[in-house]
Amino acid sequence: MEWTIKKFAELTADELYEILKLRVDVFVVEQACPYPEIDGHDRDALHLAGREGNTLAAYARVLMPGAVHEDPAIGRVIVSKSYRGKGIARELVEKAKEVSADRYGEIPVHLSAQYHLKDFYASCGFRAVSEPYDEDGIPHVDMRLMVSGGK
């Protein structure tokens with residue numbers, strides 16, 4: 001897996017198209033959840049992409065502190081259907097944690113997890129900090145992680 005991290009302005013039109021297509025294919029179509037996927041936060045995010053050859057296999061974005069939450073946030077964590085079950089999601093989350101620590105230092109990181117994935121995120125070091133709530137018809141839970149390192 002080849003990993004890249006880019007600011008919005010560094011993404012090519014083709015890269016942005018692939019990212020948005022993957023997000024819509026999974027979050028809107030596969031999960032049958034019509035919601036505004038393009039939410040206005042991509043311009044201020046760092047975009048972490050994992051590729052196998054020319055194929056976008058995994059993606060997450062890291063939002064700066066204050067963009068949506070007081071803390072930096074990891075979101076839109078996604079692995080393409082054909083790449084699931086290979087440990088890529090864990091690698092993706094670890095890479096996103098590293099990006100956050102490198103950019104923002106040792107401060108908490110927020111993640112809004114789909115509730116059925118809370119145990120996975122807990123195994124990555126996150127802990128639930130809210131009761132389950134409905135977001136666009138899917139149960140979610142807020143989670144936090146203390147990261148170390150950074151610049």
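No hydrogens, no waters, no symmetry mates; every other heavy atom, side chains included, goes into these values. In this chain, residues are counted from 1 in sequence order.
Contact check for H41 versus R61: side-chain heavy atoms found under the 4.5 Å cut-off. A heavy-atom distance below 4.5 Å is found between the side chains of Q31 and V26. You'll find the side chain of V99 stays beyond 4.5 Å of the side chain of K95, heavy atoms only. Residues P139 and H116 fail the side-chain proximity criterion, which asks for heavy atoms closer than 4.5 Å. Residues K118 and F126 fail the side-chain proximity criterion, which asks for heavy atoms closer than 4.5 Å. Side-chain contact check for P108 versus E70: every heavy-atom pair is 4.5 Å or farther apart. Proximity of L92 to L48: side-chain heavy atoms (C-beta onward) are separated by under 4.5 Å at one or more points.
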One pair to check against side chain to side chain contact (heavy atoms under 4.5 Å, CB included): D42 and L20. What are the steps and the verdict? CA-CA 10 Å; D42 288 313; L20 295 176; 4.2 Å; yes
For a side chain to side chain contact (heavy atoms under 4.5 Å, CB included) check, start with the C-alpha distance between V129 and M143, then their side-chain angles and the critical distance, and finish with the verdict. CA-CA 5 Å; V129 294; M143 301 186 84; 5.6 Å; no
Residue pair V62, R103: steps toward the side chain to side chain contact (heavy atoms under 4.5 Å, CB included) verdict: CA-CA 10 Å; V62 178; R103 297 292 171 125; over 6 Å; no
Working for salt bridge (charged side-chain N to carboxylate O under 4.0 Å, His left out), residues K97 and E94: CA-CA 5 Å; K97 288 164 46 177; E94 292 304 318; 3.1 Å; yes
Give the intermediate values and the outcome of side chain to side chain contact (heavy atoms under 4.5 Å, CB included) for residues H140 and S130. CA-CA 9 Å; H140 280 71; S130 77; over 6 Å; no
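The minimum heavy-atom distance linking A57 with M1 is given by the pair CB-CE, 3.9 Å. In terms of heavy-atom proximity, Y104 sits nearest to P72 at CD1-CB, 3.7 Å. Of all heavy-atom pairs between L145 and G125, the closest is CD1-O, 3.2 Å. Taking each heavy atom of P36 and R76 in turn, the nearest pair found is O-NH2, 4.3 Å. The two atoms that bring P34 and V28 nearest to each other are CA-CG1, 4.3 Å, heavy atoms only. In terms of heavy atoms, I78 sits closest to L22 at CD1-O, 3.4 Å.
For the residue pair Y35 and E37, a side-chain donor N or O sits within less than 3.5 Å of a side-chain acceptor on the partner.
Both V109 and L117 belong to a common hydrophobic cluster when Ile, Leu, Val, Met, Phe, Trp and Tyr are linked at side-chain heavy-atom distances under 4.5 angstrom. Clustering ILVMFWY residues whenever any of their side-chain heavy atoms sit less than 4.5 angstrom apart, transitively, puts I19 in a cluster other than the one holding V77. Two different hydrophobic clusters hold V24 and Y17 under the rule that ILVMFWY side chains link at heavy-atom gaps under 4.5 Å. At a threshold of 4.5 Å between side-chain heavy atoms, the hydrophobic network of Ile, Leu, Val, Met, Phe, Trp and Tyr places L56 and L16 in one connected group. Hydrophobic clustering, with ILVMFWY side chains joined whenever heavy atoms are under 4.5 angstrom apart, groups L11 together with I38.
In this structure, K6 NZ and L46 CG are separated by 12.5 Å, a value rounded to the nearest 0.5 Å. To the nearest 0.5 angstrom, L63 atom CG is 8.0 Å from D39 atom CG. For the atom pair CG of D44 and NZ of K7, the computed distance is 11.0 Å after rounding to the nearest 0.5 Å.
One finds no salt bridge joining K86 and E52 here, because no Lys/Arg side-chain nitrogen approaches an Asp/Glu carboxylate oxygen to under 4.0 Å.
For E98, there are no salt bridge (Lys or Arg N to Asp or Glu O under 4.0 Å) partners two or more places apart in sequence or in a different chain. Residues that satisfy the ring pair (Phe, Tyr, Trp, His ring centres under 6.0 Å) test with H69, not counting sequence neighbours, are H110. Partners of R144 according to the salt bridge (Lys or Arg N to Asp or Glu O under 4.0 Å) rule, which considers only residues two or more places apart in sequence or in another chain, are D71.
For E2, the CD atom sits in a loose shell: 12 or fewer heavy atoms of surrounding residues, nucleotides or ligands are nearer than 6.0 Å. Counting heavy atoms of neighbouring residues, nucleotides and ligands inside a 6.0 Å radius, atom OH of Y115 does not exceed 12 of them. Surrounding CZ of R84 are more than 12 heavy atoms belonging to other residues, nucleotides or ligands, all under 6.0 Å away.
Remark: side-chain polar atoms of S80 are not paired, donor with acceptor, to backbone N or O of Y83 under 3.5 angstrom.
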